[in-house]
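What follows is a short report on a single structure.
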Number of protein chains: 2
Amino acid sequence: MRKKSVPTLEDVALEANVSTATVSRCLNTPDRVVEGTRLRVLDVVQKIGYSPNFGARALAAKRTNTIGAIIPTMENAIFARGIQAFQEELRELGVTLLVASSSYQEDIEAEQIRTLTARGADGLLLIGHHRNKEIYSFLERQGVPVLIAWVYDPNEPTISIGFDNRQAMKDLALEVIALGHKEIGLISAEQKGNDRARYRITGVHDAMQENGIAPSSLRLIETRYNIESGATAFAEIMNSHDRPTVVMCGNDVLAVGALRQAKKMGFRVPQDISITGFDDIELASVADPALTTVHVPHREMGRTAARMLVAMVNESKQFKSTQLMTHICIRESLSEPPLHPNAST
Amino acid sequence: MRKKSVPTLEDVALEANVSTATVSRCLNTPDRVVEGTRLRVLDVVQKIGYSPNFGARALAAKRTNTIGAIIPTMENAIFARGIQAFQEELRELGVTLLVASSSYQEDIEAEQIRTLTARGADGLLLIGHHRNKEIYSFLERQGVPVLIAWVYDPNEPTISIGFDNRQAMKDLALEVIALGHKEIGLISAEQKGNDRARYRITGVHDAMQENGIAPSSLRLIETRYNIESGATAFAEIMNSHDRPTVVMCGNDVLAVGALRQAKKMGFRVPQDISITGFDDIELASVADPALTTVHVPHREMGRTAARMLVAMVNESKQFKSTQLMTHICIRESLSEPPLHPNAST
DNA sequence: TCCAAAAATGTAAGCGCTTGCATTTTATAG
DNA sequence: CTATAAAATGCAAGCGCTTACATTTTTGGA
């Protein structure tokens, strides 16, 4: 029976007849070891299947080559593409990514932040600015650089990479209004702890204001982020006595839910009711009718975020927030309002 | 200026006037410390914002309360729901989840396995049985229990939790054939290194065989896992001289791509061509027409996997593979074959 | 009040690795 | 061939934590 315990640096050293220091150097700074020795050592490493203990390494070297990311959810595609790109780029930079998800809950996020930090993440990617002050000071105390993604807000103290949610949604709302819509419904994710949602709502308000439509006339429903909730919210809006002519949605997932519910309730989209989304995830173009939405450059955001964060870890100079541009993606689900709004159903 | 360095156990001990052992116990086995002391210590912990160093802890305790999972991709929803459930359950068990994705590449997966192991994952969740022998022996040497998910195959030496991909696909194919289809197309993920794909193909073969249809008549295309590829493959199949009357797809993502392409090419689904999927992810019910597919109990699989794996880590007794049942989910995209197959387009 | 057993706490030895510094070996030049 | 600088390697001190074992304190019965 093979010796059960996992081989350590020392085992390699003994077997290769060198000191542990040399083995360590073979692994970390190979050019500081003469070729013969190096080959011999690496051979032994192979042979006995040595694999360095990460904890010990982190402890001794105070560096882990690891970056953590905490996203609100893995369950829908909103963050998936961006994170995937983030991970790919990190890999190329020789950095490992640890992902955790918080289920949109602040306390869970805080816990995950502690976990990842304790695990020695050299840097952290977080979504959105909104979170407890204490967390920021904790992070600062730990000396862990943080990059905020999916938002661009140069006024926040923490560096961010992303887009202007408020402006993007405003642009879309302007488009909607330009088509003649005055009665607007909005299905949003819950604002609490979610600044993206908040910014987007404000964007709609802005556009209404600018066109002399009272922002208070907005039919706003806040709900959880999934298709079902989108459907329910849509039903609620459409069953009220003053139906809007367009239902804008805080993201594509909600919009797809709305779309489905519209179909179920017998509304034709966009003839009877227009629906818009946000994010331009795959779902948006697959839906029928295809969703008019705001295109977000997820992959670009992920890759850039990776490079920025790694730079932040390595260099201590001051970085600045980066803005990415979104654009409106006109597809089929948005048109002029019907002439006789309540004709159908 | 505050002292820059991160507080350690010793700092807490000094401040609270106890030994480091006591502080450690307050954190790990609070009932072994008298209340007064415990409160005082925890107070100090709070005050100076102490957070234990994971590496040191893992090093000393030889246990990390962490489980790793490596999935082929985060980019589409196939694994998302299962992993989300897995994570939720782990959380309840007080275990942290580390997720990595391999982009369907064996070498990347091997690397991630090493990484997660080195990081001290107490156990590992992997998808599918197929991988290099060496990896299994490496894992065994490291003493890291492994659970394979998304597959059930009691003949494999490694414990698995999942469903019988072959049988499930066979059942669906039987259904398809029962409707009268004889000309069958199949869009599959690449078989290489993907036993789920392989099992599913075999399942279709089985059903054909059983009905006296030559398995060799199957129009099979292997492609990458995304909507676009599904669309391309569908076009290829339908542009060939002997079109099938039904295109089965290895998963819903491919099926949605096929659906989209069908629409684009002017085929009515299911009147002109039937399409089926596999997995029953959200996309399937949202698509138009809604996809006939195989429902996989993702959440149940995730939760059960979590409990099993944690048990495997804690108890060393022998575990056995668990099978979950799938069922066919009949929706709109499948019907009888058209009377005059090549009437349209 | 005293004593043994139980409970609480302290002491200190590692866990496996990196790295500054000391020592040995090799290369270079005179 | 020798002296010296440079390269390679070894030595050993931690990194921050857990835990077996030792010591001190508390508890409770006689």
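In what follows, every chain begins at residue 1, and chains take the letters A, B, ... in the order their sequences are listed.
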Nearest whole Å is fine: how far is dA6(C) P from Asp31(B) CG?
18 Å

Heavy atoms from C-beta onward define the side chain here; which of dC17(D), dA12(C), dG16(C) lies closest to that of Tyr50(B)?
dC17(D)

Exercise: do Glu88(B) and Gln84(B) side chains pair donor with acceptor under 3.5 Å:
yes

Using a heavy-atom cut-off of under 4.0 Å over every strand shown, decide if Ala21(B) touches base, sugar-phosphate, or nothing.
base

Give the rounded distance in Å between these two atoms: CZ of Arg57(A) and P of dG16(D).
18 Å

Between Lys62(B) and dG16(C), is there a contact of a side-chain N or O with OP1 or OP2 at under 4.0 Å?
yes

Below 4.0 Å: OP1/OP2 of dT18(D) and any side-chain N or O of Asn28(B):
yes

Report yes or no: do Gln142(B) and Ser51(A) form a side-chain donor-acceptor pair below 3.5 Å?
no

Measure from CZ on Arg119(A) to C1' on dG16(D) and round the result to the nearest Å.
16 Å

Figure out the CG/P separation between Asn65(A) and dT18(C), and round it to whole Å.
12 Å

Nucleotide dT11(C), atom C1' - distance to CG of Leu9(B) in whole Å
15 Å

Is any side-chain N or O of Thr22(A) closer than 4.0 Å to OP1 or OP2 of dG10(D)?
yes

Ion pair check, Glu92(A) and Arg303(A), cut-off under 4.0 Å
yes

Measuring only between side-chain heavy atoms, which start at C-beta, is Val151(B) closer than 4.5 Å to Arg196(B)?
yes

Reading DNA chain C from 5' onward, which residue's closest nucleotide shows up sooner: Ala56(B) or Ser24(A)?
Ala56(B)

For atom CD of Glu35(B) and atom P of dA7(C), their distance in whole Å:
17 Å

Would you mind reading off the distance between Arg63(A) atom CZ and dG16(C) atom C1', rounded to a whole angstrom?
20 Å

Just by distance, no angles: are the side chains of Asp153(A) and Ser160(A) close enough, under 3.5 Å, to form a donor-acceptor pair?
no

Thr37(A) side chain: which of dT19(C), dT9(D), dC15(C) is closest?
dT9(D)

Nearest to side-chain heavy atoms of Val34(B), which nucleotide of dC17(C), dT19(C), dA8(C):
dA8(C)

The side chain of Arg25(A) lies closest to which of these nucleotides: dT18(D), dC17(D), dG10(D)?
dG10(D)

Here the distance between atom C1' of dC15(D) and atom CG of Leu59(A), to the nearest Å, is 4 Å

Reckon Ser19(B) has a side-chain N or O less than 4.0 Å from the OP1 or OP2 of dG10(C)?
yes

